[in-house]
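Numbers here simply count residues along the sequence, with the first being 1.
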Amino acid sequence: FFYLKELQFRCNYSQLEETENLSMEMSTTTTDDFADLRTFCADFTDTSSAGYYACATSTNVAVITETVKEGLDVFYLLFAGALVFLMQSGFAMLCAGSVRQKNVKNIMLKNLLDACGGALGFWSIGYAFAYGNQDSSFKSFIGHTNFFLKDEITGGGYISFFFQFAFAATAATIVAGTVAERCKMSAYLCYSVMLTGFVYPVIVHSIWASSGFFCAWNDDPLHGSGVVDFAGSGVVHMTGGATALVAAKILGPRLGRFHDADGNPLPEPKDFPPHSVALQILGTFILWFGWYGFNPGSTLSIGSGSGYTAALCAVTTTLAAATGAVTAMFTSTILEEMQTGEKTYDLTMAMNGALSGLVGITAGCSVVKPWAAVVIGVVAGWVYIGSSNLLVKLRIDDAVDAIPVHFANGMWGLIAVGLFANEKDLGMAGFSTTNLGWFNEWYRGSGNGYLLLNQLLAILWIVGWVTAVMTPFFYVLSFLNMFRVDPLEEEVGLDISHHKGSGYDFSAPDEKRVEELKLSRHGGGEVPQAVKDADDNA
């Protein structure tokens with residue numbers, strides 16, 4: 001009742017007792033809804049009454065509170081969205097470090113164009129397909145309003161587009177590393193717009209829009225709870241990873257990866273070492289940092305009970321990433337020692353293990369306990385190793401192992417929610433508590449597996465939709481000779497063949513000038529006549 005301080009100067013003491021009683025009534029009658037407050041105060045029209053002053057002051061406080069809350073939420077999403085967008089530089093550094101030096105400019109440009117194409121595609125049609133005509137009272141396949149953001153008039157609406165665009169750009173960037181060193185720029189532009197403008201938005205609508213048929217916030221959610229994918233293990237990472245898998249299969253491996261010059265299979269696949277481990281580790285840390293906008297930021301606000309959920313997301317994200325890195329690296333070390341008797345520590349395993357843990361926790365970061373995040377991270381490290389080895393056996397070439405990290409661990413992230421989601425954190429994050437994770441259902445004596453079933457159905461939906469749309473799309477690009485670069489261009493390197501030269505300047509200083517510098521220093525500054533004559537003749 002802080003506003004009563006002001007009333008002490010406006011009301012006489014006989015009115016003050018009446019005002020205090022009225023304030024008690026208001027505190028028990030009204031809710032956080034500003035409309036309820038206005039309805040309650042509508043009968044107080046006498047400007048000399050204590051009720052009039054109490055309502056007037058309360059209304060002003062409510063207006064200020066709502067304005068501050070809206071501004072705080074906008075700033076929160078602006079900050080979180082900027083962190084997610086910063087992940088674009090993380091992907092760029094990781095991809096650039098992972099490829100050979102002759103393709104650095106090409107992969108960096110593709111990462112930049114992901115952001116550009118993603119922005120235009122998502123602004124024009126993608127956001128409308130994803131979040132248009134939301135109504136939780138019915139279910140729909142795709143949105144169809146708010147194209148080109150023509151219906152947005154509030155700061156909250158604009159900042160929502162910015163935050164969701166950053167997610168769409170992330171999904172598009174996942175493919176860049178997989179098809180690196182052999183994909184044409186024209187094909188990449190086409191794919192980027194297609195994914196962010198149509199394929200990804202349909203999946204977003206089905207799971208995150210209130211009218212989506214898998215949405216947890218629909219009035220009639222699937223099996224009472226819908227699909228729980230808080231920050232996008234399935235929606236973002238699985239979608240990008242599945243697209244990368246289809247693209248890699250149709251595009252084919254890099255020259256010399258699995259076959260020799262005559263097309264004969266190699267006994268062992270040829271490895272192409274990264275040209276810069278420093279760029280790889282820098283990209284990994286930037287991605288990890290950006291994930292603190294990706295996961296905690298998915299609360300979409302910081303008011304009410306969102307603070308608890310955002311804090312939990314930060315903790316679970318940290319633990320899963322750390323555990324995934326340690327698990328992948330030491331598991332790889334143990335397996336190598338068992339096979340060869342030698343013990344080494346693979347930095348690539350540690351980096352991709354951390355990213356695998358981050359992907360694995362993204363769906364359930366808000367609904368699992370810290371101990372469960374550690375378990376999820378451990379399994380994520382193992383999933384990465386197993387799926388990476390499986391790709392090699394299937395002779396599918398993924399230049400940066402994006403498919404094991406994002407696709408395989410995106411699936412694991414959805415499954416993990418179906419196993420570990422607990423009642424308290426589901427409720428705090430705004431989800432239904434009708435169905436819990438399977439392990440928690442057994443704990444409360446139920447054995448109910450509907451949430452796990454929903455998560456598995458979401459996996460089938462994402463794989464089926466991406467495969468059905470992107471497979472013919474990539475085959476059309478290949479048929480039109482728009483997908484893969486010429487073999488000679490690939491061998492020389494895409495930087496020289498497509499981007500006006502190498503990404504690095506390896507030219508050395510003139511040898512005669514170097515010798516001149518050495519002699520001048522040794523002789524106290526006098527340049528020998530032979531050197532002068534050589535310069536004159538040159």
Inset, instruction - Let me see the working for Asn454 and Ser225 under side chain to side chain contact (heavy atoms under 4.5 Å, CB included), right down to the final yes or no. - result: CA-CA 8 Å; Asn454 289 353; Ser225 60; 3.4 Å; yes

Side-chain H-bond candidate by donor/acceptor type, [X] with [Y], under 3.5 Å:
{"X": "Asn295", "Y": "Thr317", "result": "yes"}
{"X": "Tyr76", "Y": "Thr299", "result": "yes"}
{"X": "Ser332", "Y": "Asp346", "result": "no"}
{"X": "Tyr308", "Y": "Asp425", "result": "yes"}
{"X": "Gln280", "Y": "Ser98", "result": "yes"}
{"X": "Tyr200", "Y": "Thr243", "result": "no"}
{"X": "Trp382", "Y": "Thr331", "result": "yes"}
{"X": "Ser211", "Y": "Asp135", "result": "no"}
{"X": "Asn106", "Y": "Lys110", "result": "yes"}

Look only at the side chain of [X] and the backbone of [Y], and say whether a donor-acceptor pair between them is shorter than 3.5 Å.
{"X": "Trp412", "Y": "Ile376", "result": "yes"}
{"X": "Arg395", "Y": "Phe258", "result": "yes"}
{"X": "Trp208", "Y": "Asp229", "result": "yes"}
{"X": "Gln134", "Y": "Ser210", "result": "yes"}
{"X": "Asp397", "Y": "Ala248", "result": "no"}
{"X": "Asn409", "Y": "Gly360", "result": "no"}
{"X": "His275", "Y": "Ala96", "result": "yes"}
{"X": "Ser233", "Y": "Leu414", "result": "no"}
{"X": "Ser192", "Y": "Leu189", "result": "no"}
{"X": "Ser124", "Y": "Gly121", "result": "yes"}

Ring geometry between [Y] and [X] (parallel below 30°, tilted from 30 to 60°, perpendicular above 60°):
{"X": "Trp438", "Y": "Trp442", "result": "perpendicular"}
{"X": "Phe294", "Y": "Trp291", "result": "tilted"}
{"X": "Trp461", "Y": "Phe213", "result": "perpendicular"}

Nearest 0.5 Å, what's the [atom1]-[atom2] distance between [X] and [Y]?
{"X": "Ser366", "Y": "Phe230", "atom1": "OG", "atom2": "CZ", "answer": "4.0 Å"}
{"X": "Asn103", "Y": "Glu490", "atom1": "CG", "atom2": "CD", "answer": "8.0 Å"}
{"X": "Lys105", "Y": "Leu494", "atom1": "NZ", "atom2": "CG", "answer": "11.5 Å"}
{"X": "Ile174", "Y": "Ile403", "atom1": "CD1", "atom2": "CD1", "answer": "11.0 Å"}
{"X": "Phe420", "Y": "Leu452", "atom1": "CZ", "atom2": "CG", "answer": "11.0 Å"}
{"X": "Leu391", "Y": "Leu245", "atom1": "CG", "atom2": "CG", "answer": "7.0 Å"}

Do the side chains of [Y] and [X] get nearer than 4.5 Å, heavy atoms only?
{"X": "Met87", "Y": "Ile286", "value": "no"}
{"X": "Tyr450", "Y": "Leu436", "value": "no"}
{"X": "Leu113", "Y": "Leu109", "value": "yes"}
{"X": "Val374", "Y": "Trp371", "value": "no"}
{"X": "Tyr131", "Y": "His205", "value": "no"}
{"X": "Val392", "Y": "Arg257", "value": "yes"}
{"X": "Tyr384", "Y": "Met349", "value": "yes"}
{"X": "Leu355", "Y": "Leu94", "value": "yes"}

Heavy-atom pair of closest approach, residues [X] and [Y]:
{"X": "Ala310", "Y": "Pro296", "value": "O-CB, 3.7 Å"}
{"X": "Ser478", "Y": "Ile250", "value": "CB-CG2, 4.5 Å"}
{"X": "Ala80", "Y": "Gly297", "value": "CB-CA, 3.7 Å"}

If you take the centroid of each ring, where Trp contributes its six-membered ring, are [Y] and [X] closer together than 6.0 Å?
{"X": "Phe473", "Y": "Tyr191", "answer": "no"}
{"X": "Tyr127", "Y": "Phe161", "answer": "yes"}
{"X": "Tyr443", "Y": "Phe439", "answer": "no"}
{"X": "Phe474", "Y": "Phe483", "answer": "yes"}
{"X": "Trp465", "Y": "Phe141", "answer": "yes"}

Inset, instruction - Check step by step if side chain to side chain contact (heavy atoms under 4.5 Å, CB included) holds for Glu423 and Asn440. - result: CA-CA 8 Å; Glu423 184 173 7; Asn440 284 290; over 6 Å; no

Inset, instruction - For Asn133 and Ser140, run side chain to side chain contact (heavy atoms under 4.5 Å, CB included): C-alpha distance rounded to whole Å, both residues' side-chain angles, the deciding distance at 0.1 Å, then the answer. - result: CA-CA 9 Å; Asn133 65 291; Ser140 60; 4.1 Å; yes

Pair [X] + [Y]: basic N to acidic O under 4.0 Å:
{"X": "Glu336", "Y": "Lys343", "answer": "no"}
{"X": "Asp73", "Y": "Lys69", "answer": "yes"}
{"X": "Lys102", "Y": "Glu181", "answer": "no"}

Residue [X] excluded, over 12 heavy atoms near [atom1] under 6.0 Å:
{"X": "Phe285", "atom1": "CZ", "value": "no"}
{"X": "Lys249", "atom1": "NZ", "value": "no"}
{"X": "Phe330", "atom1": "CZ", "value": "no"}
{"X": "Phe75", "atom1": "CZ", "value": "no"}

Inset, instruction - Could you tell me whether Arg254 sits above the aromatic face of Phe272, with NZ or CZ closer than 6.0 angstrom to the six-membered ring centre and within 45 degrees of the axis? - result: no

Legend entry - Residue of the set Asp401, Asp398, Thr348 for which side chain to side chain donor-acceptor pair (under 3.5 Å) holds with Ser388: Asp401

Inset, instruction - Under the side chain to side chain contact (heavy atoms under 4.5 Å, CB included) rule, what do Thr344 and Thr333 come out as? Steps first, then yes or no, please. - result: CA-CA 6 Å; Thr344 60; Thr333 299; 5.8 Å; no

Inset, instruction - Start with the C-alpha gap between Phe167 and Phe163, add the side-chain angles, then the distance that decides, and say whether ring-ring contact (aromatic ring centres under 6.0 Å, His included) holds. - result: CA-CA 7 Å; Phe167 275 59; Phe163 186 72; 4.9 Å; yes

